[in-house]
Amino acid sequence: MPVVHVGGDHTPAPTTHAGLVAWVQEVADMVQPDRVYWVNGSEAENKALTDELVDAGTLRRLNPETFPNSFAAFSDPADVARVEEQTFICSQNERDAGFTNNWMDPSQMKEKLRGLFTGSMRGRTMYVIPFVMGHLDAANPKFGVEITDSAYVVSSMRIMANIGTEVLARMTELNAEYVPALHSLGAPLAEGETDVPWPCNSEKWIVHFPEERSIWSFGSGYGGNALLGKKCYALRIASVMARDEGWLAEHMLILKLTSPENKTYYVSAAFPSACGKTNLALLDPTIEGWKVETLGDDITWMRFGDEGELRAINPEAGLFGVAPGTGWLTNPNAMRAIAKGNSIFTNVALTDDGGVWWEGMTAEVPDHLTDWQGNEWTPASDKTAAHPNARFCTPIDQIDMLADEFNDPNGVEISAILFGGRRKTTVPLVTQSRDWTNGIFMGSTLSSETTAAAAGEVGRVRRDPMAMLPFIGYDAGDYLRHWITLSSKADQERLPKIFLVNWFRRTADGGFAWPGFGENSRVMKWVIERLEGTADAVETPIGYVPTGASLDLTGLDMTPEEVDAAVRVDPEEWAAELQGIQEWYSRFGDSLPAELQDQLTGLKERFAH
Ligand SMILES: Nc1nc2c(ncn2[C@@H]2O[C@H](COP(=O)(O)OP(=O)(O)OP(=O)(O)O)[C@@H](O)[C@H]2O)c(=O)[nH]1
Ligand SMILES: O=C([O-])CC(=O)C(=O)O
Ligand SMILES: [Mn+2]
């Protein structure tokens, strides 16, 4: 099939889906592109697009010997992360966006956006990308169509989701509903104007209309701002669908554990951005006899099944993982997936032999690199070679340890849920909640230090309920209520057990209190043994923490005092924490579920006794 967009005219729509054709026409009339191109998702098409991106200087082709069919992109230095300040939930009523979201009246916002999008694709190609999140043969497939003027977005979406001809055919056959997701770099080209390698706009707007279930994203080409199937659809819009349809859309990984007794367990875990989901999802166990397989590393959709069991799927098809800290020592499974090629790296450093490098990738630091901003770099440089939010975008089926169940539209039954954050103090390595509602309380009060995954200050502790603070598409109190009411559909015996983890606690000398990464398999083993009722724990006011003897520490060079420092519940630290939780809860006003207020009261009482 020839790739018709290069210099061609508008191609006829390859679908009879009247609603879709009308929307594409309406958008084209507004954004006034030079041409409209319907993306088919083929390899030949992707080759033509990446060739073009290489010619335009957006992509650098990497050394095919070491990184086959792989590319590096370098963004505008002002377009390196999600922009939470510019992310909006424009529900009809402000109340429905809640205090955790930015809000503007939807008709006012539409007017503003129409102004920005008018003519915004002049001189460019408008790509139409039909995609599906989750399985195409699911009972009710979740379709979307992203319109974008960025070929980098097309090529990245091809990795992150199922896109193209087959999806469009199914959408057409079902005359299916879909989420219209409109994206523009906001960088029209005048006649004869030469393009820059990373076009974008200094003004950025990431906007969701929850009642309409539509997305408008303007001005950024980066990650969660621009690959609209990911955070915008699969979390913000999907959380609204989930509220209305009785399921959950969560910022979670899914992993499968097989014990030495050959029993299998599925665990999901919610950690904020850049707090360890991809690493835990690709866990390389350091203890004997345990096997780990991956189902997902960032987004999980869950629903209670016919038997009252909680079933989970990963709606994505790729990894958009944090590069720095991902290395042969810490995450060899990710490194093996990346080494197979077919990847797009963004804001990493380049080695002299046409490969990529980032902090933590290898124990040995190269003598010379080109940093993510194109400058010469040596180990003596005072800046990092890769941007701290540099990313690899890699097809998930390149993971050797991908579980077969990834392909099952019915998903897997979750038996434990972990909530975790990045906290230097206060929060123990692992704590089991007292029960389901207490576990929701743990999730609702989750806190973490901010990271480079979002623009703004790094290292400030903030509350991040269920690691969903930037992704809840509606009122946060309603979201917590949804978690509570949904579980009435569950078989209470089969409700997952909920745990709180913290891989990032520090010791007095500033080092990590727990070695993390592969050693987290020891914590996972304790979690499973708690499900089985075979591991000991001590009851504390916040929940059950391991005794030194109940954690498998075989072969680990840690003293009992060091282990104690990792799992300790310090009453003084918790006095400050209770204050923080109190302040957080006061921000919900009337929308905080009474059950959770009761949980806080109970926690305070347990500390007082
Ligand atoms: N010390 C320590 N660092 C970790 C651990 N797990 C992950 N990290 C580091 O945390 C950073 C982010 O980890 P990821 O696993 O990519 O985070 P994520 O939650 O998948 O992030 P998003 O893709 O932004 O949602 C990386 O630099 C990791 O090296 C751990 O167990 N201990
Ligand atoms: O959305 C992104 O840009 C990357 C991501 O997973 C996150 O920030 O949680
Ligand atoms: Mn994420």
Side-chain angles (χ1 to χ4, degrees), residues 75 79-84 87 156 160 206 217 220-236 250-253 255 269-284 286 294 296-300 314 316 318-331 333-335 346-347 358-361 384 386-394 418-424 429-430 448-456 458 464 467-471 501-507 510-524 566:
S75 79
D79 193 21
V80 294
R82 286 183 296 100
V83 284
E84 296 182 0
T87 300
S156 303
M160 297 307 298
I206 318 299
S217 165
S220 168
Y222 195 84
N225 299 329
L227 312 178
L228 301 186
K230 196 172 180 55
K231 305 298 162 143
C232 296
Y233 184 156
L235 288 178
R236 297 194 192 95
E250 299 297 327
H251 194 200
M252 288 179 173
L253 64 91
L255 59 76
F271 310 155
S273 301
C275 291
K277 289 182 301 300
T278 303
N279 278 274
L280 187 63
L282 295 169
L283 180 69
D284 190 29
T286 51
T294 309
D297 83 316
D298 196 52
I299 299 180
T300 297
N314 168 14
E316 298 193 283
L319 313 174
F320 187 70
V322 177
T326 303
W328 288 103
L329 290 176
T330 54
N331 194 345
N333 294 314
M335 295 306 292
T346 305
N347 293 339
W358 50 76
E359 280 67 24
M361 178 171 157
T384 59
H387 185 276
N389 193 36
R391 297 268 169 172
F392 57 89
C393 185
T394 300
L418 274 46
F419 293 116
R422 184 184 280 271
R423 289 290 306 267
K424 290 192 171 73
L429 176 63
V430 57
S448 197
E449 291 146 23
T450 51
T451 67
V458 169
D464 192 340
M468 282 286 282
L469 178 71
F471 309 122
V501 300
N502 179 20
W503 314 142
F504 300 92
R505 201 173 193 179
R506 303 291 181 131
T507 55
F512 286 107
W514 176 254
F517 300 105
E519 307 297 0
N520 294 335
S521 55
R522 301 171 191 274
V523 175
M524 297 313 298

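Keep in mind that this is a model prediction, so the values were computed, not measured. The chain is numbered in sequence order, starting from 1. Order of listing sets the numbers, starting from 1, for every ligand and every atom in it. Computed from heavy atoms alone, side chains included, the values below leave out hydrogens, waters and symmetry copies.
Note on ring orientation: taking the six-membered ring where Trp is involved, the planes of F512 and F504 are perpendicular (angle over 60°, cut-offs 30° and 60°).
Salt-bridge check for K230 with E316: passed, with a basic side-chain N closer than 4.0 Å to an acidic carboxylate O.
A cation-pi arrangement is found for K231 relative to F471, the charged atom lying closer than 6.0 Å to the ring centre and inside a 45° cone about the ring normal. Taking the ring centre of Y222 as origin, the terminal cationic atom of R82 falls outside the region bounded by 6.0 Å and 45° from the ring axis.
On a distance-only criterion, F320 and ligand 2 share no N/O pair closer than 3.5 Å. Note: no N/O pair closer than 3.5 Å links Y222 and ligand 2 by distance alone.
For atom 8 (O) of ligand 2, the closest heavy atom belonging to the protein is R82 NE, 2.7 Å. Closest protein heavy atom to atom 6 (O) of ligand 2: K231 NZ, 3.0 Å. Atom 3 (O) of ligand 2 has as its closest protein heavy atom G224 N, 2.9 Å.
Not close to ligand 2: K277, with no non-hydrogen atom less than 4.0 angstrom away.
Rounded to the nearest 10 degrees, the angle OD1 (D298) to the Mn ion (ligand 3) to NZ (K231) equals 110°.
Side-chain contact check for D297 versus L282: every heavy-atom pair is 4.5 Å or farther apart. In this structure the side chain of T346 never reaches within 4.5 angstrom of the side chain of F392, judged on heavy atoms. Annotation: side chain of L228 is not in contact with side chain of Y233 (no heavy-atom distance under 4.5 Å).
Note: I299 CD1 to L253 CG = 12.0 Å, rounded to the nearest 0.5 Å. Taken to the nearest 0.5 Å, the CG atom of L255 stands 12.0 Å off from the CG atom of N314. The line from CG of N502 to CZ of R423 is 8.0 Å long, rounded to the nearest 0.5 Å. To the nearest 0.5 Å, atom CZ of residue R505 and atom CG of residue L429 are 9.0 Å apart.
Annotation for ligand 2: atoms under 4.0 Å from non-hydrogen atoms of H251 are 9 (O). In the vicinity of K230, heavy-atom distances shorter than 4.0 Å reach the ligand 2 atoms 6 (O). Per-residue contacts place A453 under 4.0 angstrom from the following atoms of ligand 2 (heavy atoms of the residue considered): 8 (O).
The nearest non-hydrogen atom to atom 9 (O) of ligand 2, considering only S273, P470, G321, comes from S273.
Of the options D284, T326, N279, a side-chain hydrogen bond (donor to acceptor under 3.5 Å, both in side chains) to N331 is made by N279 and by none of the others.
For ligand 1, residues of the protein lying within 4.0 angstrom by heavy-atom distance are H251, P272, S273, A274, C275, G276, K277, T278, N279, D298, F320, V322, P324, G325, R391, R422, W503, F504, F512, G516, F517, N520.
Of all the heavy atoms of D298, the ones lying under 4.0 Å from any atom of ligand 2 belong exclusively to the side chain.
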